[in-house]
Amino acid sequence: LLPISLMIFIGWAGASVFWSHYQWATLGSLTYLLAFTILGVAVALLRDTIQIVRAFGDVLRVVLVVSLIIELLSGLLIDTPIRFLLVAGNLDQLGPLQGVLGSRNQLGIVAIIALITFVTELRTRSVSRGLGVASIVLAGICLVLSQSPVAIGASAILGVAAAALYGLRRVAPERRPFWQLGLLATSIVVVVIGWLFRGPIIVILDATKELDYRLNLWRRIMDIQTTYPLEGWGWIGTWRLELVPFVGFRNLPGGAPGSAANA
């Protein structure tokens, strides 16, 4: 089955060439987008799930191992940040680490994806038990040391969801609808409680600075998006801060953004 929603998105991004305020940049970004889209669709259509998981597993192991090696070099051996890799060298303080991903949030999210991948490898016996367990420990260490509030929050939700699905699969089919309704009601209650106590939760996750940064970024985006609310300024992918309107975000407190941070 072809990914219809993805094709619609690429069609809309491609059409933006006609009204883009930076057509040459849009063309370059579309080329980049199309290359990875073709590769991704080809992999999804021509390889089975286990083949994809194994390929992901090998790549993610390399990424996480290299990240820890660089953090060891920066944080302990030379005790100096590696600026061009955006590594702060905080390993001696047990984080936050950035690895080769450039930010703690990116490292944390990749560690979560790696954790899921490594557990899947172990459950499907795609790798030896020793390699599978070592890989899971590696991903767990990177997740904890990233100190990413986004990744830690996401991993907590992921753990609860995994436990709920595991429990539902063990319930007899005739009783499953009642358990599903109970799970739905519980989820709604948890969401309401989470919203009511969002302040303390943000403080516990040490996400205040992260949230302030994103809210400030999103407010600025909302200010400029009213100019072209439907068509936008043109597809760009990773932001180019020398172009209008992105130049206005160069001096954003907390650092210049490379994207809208999931606005």
Side-chain angles (χ1 to χ4, degrees), residues 1-11 13 31-71 97-146 148 150-173 175-177 179-180 183-184 187 237-238 259 262:
L1 296 176
L2 292 174
I4 303 299
S5 57
L6 180 60
M7 294 170 67
I8 293 171
F9 169 74
I10 290 176
T31 303
Y32 187 82
L33 173 67
L34 285 171
F36 276 90
T37 301
I38 292 170
L39 177 63
V41 171
V43 169
L45 294 179
L46 301 178
R47 295 290 181 266
D48 62 36
T49 304
I50 301 302
Q51 288 176 318
I52 294 172
V53 167
R54 283 290 296 112
F56 259 83
D58 289 340
V59 172
L60 290 168
R61 265 184 286 273
V62 171
V63 170
L64 296 183
V65 167
V66 171
S67 292
L68 283 183
I69 290 173
I70 288 177
E71 291 288 354
L97 306 186
Q98 301 81 33
V100 294
L101 282 305
S103 74
R104 63 175 182 170
N105 287 331
Q106 293 288 350
L107 178 62
I109 294 298
V110 168
I112 291 176
I113 296 172
L115 197 58
I116 297 169
T117 303
F118 299 153
V119 170
T120 304
E121 283 183 326
L122 192 62
R123 294 279 295 172
T124 56
R125 299 179 182 177
S126 302
V127 296
S128 65
R129 183 172 182 80
L131 179 59
V133 171
S135 300
I136 291 170
V137 171
L138 170 67
I141 290 172
C142 289
L143 174 60
V144 172
L145 294 183
S146 72
S148 165
V150 175
I152 291 172
S155 62
I157 295 171
L158 176 67
V160 172
L165 288 173
Y166 183 78
L168 281 175
R169 287 189 174 187
R170 292 186 167 271
V171 175
R175 295 166 54 197
R176 196 168 294 164
W179 282 91
Q180 288 172 332
L183 180 61
L184 175 62
S187 300
T238 301
S259 72
N262 297 323

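Values below: all heavy atoms of this structure, side chains included; hydrogens, waters and symmetry mates excluded.
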Can you tell me how far apart [atom1] ([X]) and [atom2] ([Y]) are? Round to the nearest 0.5 Å.
X      : Y      : atom1 : atom2 : value
Ile109 : Leu143 : CD1   : CG    : 8.5 Å
Met7   : Thr37  : CE    : OG1   : 11.0 Å
Cys142 : Ile112 : SG    : CD1   : 12.0 Å
Leu145 : Ser67  : CG    : OG    : 11.5 Å
Leu60  : Glu121 : CG    : CD    : 8.5 Å
Ile136 : Leu115 : CD1   : CG    : 6.5 Å

Q | Polar side-chain atom of Ser259 near backbone of Thr238 as donor-acceptor pair, under 3.5 Å | A | no

Q. Is Glu71 reaching over with its side chain to a backbone N or O of Gln98, donor-acceptor style, under 3.5 angstrom?
A. yes

Q: Indicate whether the side chain of Ser135 and that of Arg61 have a donor and an acceptor atom separated by less than 3.5 Å.
A: yes

Q) Between Ile116 and Leu158, does a side-chain contact (heavy atoms from CB on, under 4.5 Å) hold up when you go through it step by step? A) CA-CA 10 Å; Ile116 297 169; Leu158 176 67; 3.6 Å; yes

Q: Check step by step if side-chain contact (heavy atoms from CB on, under 4.5 Å) holds for Leu64 and Phe118.
A: CA-CA 12 Å; Leu64 296 183; Phe118 299 153; 4.2 Å; yes

Least distance between heavy atoms, [X] atom then [Y] atom:
X      : Y      : answer
Gly132 : Leu122 : CA-CD1, 4.0 Å
Ile113 : Thr117 : O-OG1, 2.7 Å
Val41  : Pro3   : CG2-CG, 4.0 Å
Ile52  : Ala44  : CD1-CA, 4.3 Å
Gly99  : Leu107 : N-CD2, 4.1 Å
Ser148 : Gly108 : CB-CA, 4.5 Å

(Q) Walk me through whether Asp48 and Gln51 qualify under side-chain contact (heavy atoms from CB on, under 4.5 Å). (A) CA-CA 5 Å; Asp48 62 36; Gln51 288 176 318; 3.2 Å; yes

Q: With side-chain contact (heavy atoms from CB on, under 4.5 Å) as the test, would you mind laying out the steps for Arg54 and Val127 before giving the verdict?
A: CA-CA 8 Å; Arg54 283 290 296 112; Val127 296; 3.6 Å; yes

Q) For Arg47, does the CZ atom have more than 12 heavy-atom neighbours from other residues, nucleotides or ligands under 6.0 Å away? A) no

Q. Do the side chains of Leu97 and Arg104 get nearer than 4.5 Å, heavy atoms only?
A. no

